[in-house]
Amino acid sequence: MLHALQKSEIEFYHKNHYLHARGVITQEVLELGRRINSRWVDELVDEWYEQGLISDKRTDLDFHNRLVVLWNAAGKPRYSRSPRRDIVSPQMYSFLSHPKLVSLAAELLETDELSVHGIFNSRPKLPDQKWTDTPWHQDAQYYRDAEYVHVLSMWIPLQKVTEQNSCLQVAPGFFTDRLLDGHRDEESGFLGLGKEDISHLKGLSIEMEPGDALCFTQLLPHRAVPNLSEAVRWSMDIRYEATATATASGKAQGFVVRSLTDPSSVETYEQWLTKWTNIPRGGY
């Protein structure tokens with residue numbers, strides 16, 4: 001196993017239900033994430049162009065600005081705020097199964113028998129969009145069969161993130177021993193905590209550099225603050241679980257990614273792809 005963490009960091013994670021793991025994501029992984037999202041932007045821009053919403057695809061613009069410039073030019077249309085099915089590809093499989101990420105997950109889950117959880121997202125967060133502001137929530141509110149099963153979330157920004165451009169906030173010490181009822185947020189439509197539960201939280205902003213990962217459990221309350229910058233805040237959120245206790249929600253579109261006891265059980269990209277056959281583009 002490639003060790004990315006100190007023993008004290010692993011202990012911190014288990015005590016506090018989160019860890020800001022600094023410098024554990026390689027440039028190779030970040031570039032892979034950018035390529036995955038650039039491909040998605042190309043497809044979205046093509047749609048806007050075909051619909052007559054834009055007359056120039058602006059291929060001259062960089063990764064962090066192209067989407068927001070064209071979104072404004074197109075009249076600020078709605079788009080998939082959490083792409084999942086649309087980014088299923090050999091590159092996404094390579095991202096999820098990258099040895100650096102899998103080894104990090106193995107350290108925090110304390111097993112080398114690992115599966116990728118089938119719920120993952122790209123997060124293209126543009127300025128001036130309340131409908132992409134993820135409210136306070138627990139991830140397991142979206143997959144309630146993980147109430148008593150450790151599912152590790154990794155949030156990986158593809159650039160520097162601060163309170164200005166929508167870093168995450170966590171609330172360690174609150175509600176990490178139980179799964180709360182989910183309430184639909186009025187502004188964004190996202191599932192999250194109720195107002196009474198939110199009133200008890202004390203948020204901690206986690207500002208991060210490229211190469212950092214924010215790791216947390218399925219019960220840790222967290223949210224994204226608004227993007228007050230002028231550029232896109234790009235991030236990936238992915239999940240892992242122990243294969244022995246893998247949840248139904250995780251296995252539905254997930255795959256076995258590492259096994260020392262039975263290497264033949266590790267699933268290929270082609271096997272993973274069959275799990276998406278009946279899920280249309282734009283869907284989850």
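Values in this document were obtained by computation on a predicted structure and should not be read as measured data. We're numbering straight along the sequence, starting at 1.
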| side-chain contact (heavy atoms from CB on, under 4.5 Å) with His183: which residues, sequence neighbours excluded? | Asp181
| Residues two or more places apart in sequence or in another chain: which of them pass salt bridge (charged side-chain N to carboxylate O under 4.0 Å, His left out) with Glu209? | Lys160
| message | Using a strict threshold of under 4.0 Å (side-chain N to carboxylate O), is an ion pair present between Asp86 and Arg39? | response | no
| For Phe255, which residues count as a ring-ring contact (aromatic ring centres under 6.0 Å, His included) partner, sequence neighbours excluded? | Tyr93, Trp272
| said: So which atom in Leu5 and which in Ala21 form the shortest heavy-atom distance, rounded to 0.1 Å? | reply: CD2-CB, 4.1 Å
| According to the ring pair (Phe, Tyr, Trp, His ring centres under 6.0 Å) rule, which pairs have a member within residues 207-231, sequence neighbours left out? | His137-His222, Phe216-His222
| query | Given a cutoff of under 4.5 Å between side-chain heavy atoms of I, L, V, M, F, W and Y, with clusters grown through shared members, what are the other residues clustered with Leu193? | reply | Trp136, Phe174, Phe175, Leu180, Ile198, Leu201
| Are Arg144 and Glu147 within salt-bridge range, i.e. N to O under 4.0 Å? | no
Please list every donor-acceptor pair under 3.5 Å in which a side-chain atom of residues 52-59 meets a protein atom from a residue at least two apart or in another chain.
from: Asp56; atom 1: OD1; to: Arg58; atom 2: N; distance (Å): 2.9
from: Lys57; atom 1: NZ; to: Asp46; atom 2: OD1; distance (Å): 2.8
from: Arg58; atom 1: NE; to: Asp60; atom 2: OD1; distance (Å): 2.9
from: Arg58; atom 1: NH2; to: Asp60; atom 2: OD2; distance (Å): 3.0

| field | Exercise: do Ser82 and Arg84 side chains pair donor with acceptor under 3.5 Å | value | no
| message | Ignoring hydrogens, what is the shortest heavy-atom contact between Trp155 and Ser166? Give both atom names and the distance. | response | CH2-O, 4.2 Å
| query | Would a hydrophobic clustering, with Ile, Leu, Val, Met, Phe, Trp and Tyr connected at side-chain separations under 4.5 Å, put Leu108 with Val24? | reply | yes
| task | Grab the two heavy atoms, one from Val102 and one from Leu96, that are nearest each other, plus how far apart they are. | result | CG2-O, 3.8 Å
| query | What is the distance from atom CD of Gln129 to atom CH2 of Trp71, rounded to the nearest 0.5 Å? | reply | 4.0 Å
| query | Hey, does Thr243 have a side-chain heavy atom less than 4.5 Å from the side chain of Ser115? | reply | yes
| request: If you link ILVMFWY side chains whenever their heavy atoms are less than 4.5 Å apart, which other residues fall into the same cluster as Leu179? By chain and number, please. | output: Leu219
| request: Report yes if the side chains of Leu101 and Val29 come closer than 4.5 Å at any heavy-atom pair, otherwise no. | output: yes
| Residues Arg281, Glu43: salt bridge by 4.0 Å N-O rule | yes
| query | For the residue pair Pro135 and Phe190, what are the closest heavy atoms and their distance? | reply | CD-CB, 3.4 Å
| query | Thr176 side chain to Gly173 main-chain N or O, any donor-acceptor pair under 3.5 Å? | reply | no
| message | Going by salt bridge (charged side-chain N to carboxylate O under 4.0 Å, His left out), name the residues that satisfy it together with Asp133, two or more places apart in sequence or in a different chain. | response | Lys125
| field | With Asp128 via salt bridge (charged side-chain N to carboxylate O under 4.0 Å, His left out) - residues at least two apart | value | Lys76
| request: Could you list the residues that satisfy ring-ring contact (aromatic ring centres under 6.0 Å, His included) with Tyr49, not counting sequence neighbours? | output: none
| field | Validation row: Leu126, Leu67 side chains within 4.5 angstrom (heavy atoms) | value | yes
| If we only count heavy atoms from C-beta on, is the Met92 to Ser89 side-chain gap below 4.5 Å? | yes
| field | Set of residues satisfying salt bridge (charged side-chain N to carboxylate O under 4.0 Å, His left out) with respect to Glu207, sequence neighbours excluded | value | none
| task | Take atom CD of Gln51 as the centre, draw a 6.0 Å sphere, and report whether it contains more than 12 heavy atoms from other residues, nucleotides or ligands. | result | yes
| Does Asp145 reach the main-chain N or O of Ser249 with its side chain, forming a donor-acceptor pair under 3.5 Å? | yes
| field | Closest heavy-atom pair and its distance - Val232, Gln159 | value | O-NE2, 2.8 Å
| said: Main chain of Trp276, side chain of Gln253: is a donor-acceptor contact present, judged purely on distance under 3.5 Å? | reply: no
| message | With a 4.5 Å cut-off on side-chain heavy atoms, are Glu47 and Tyr79 touching? | response | no
| request: Please identify each residue that fulfils side-chain hydrogen bond (donor to acceptor under 3.5 Å, both in side chains) with Glu230, with sequence neighbours left out. | output: none
| Are any of the side-chain heavy atoms of Thr247 and His117 separated by less than 4.5 Å? | yes
| said: So which atom in Gln218 and which in Val149 form the shortest heavy-atom distance, rounded to 0.1 Å? | reply: NE2-O, 2.8 Å
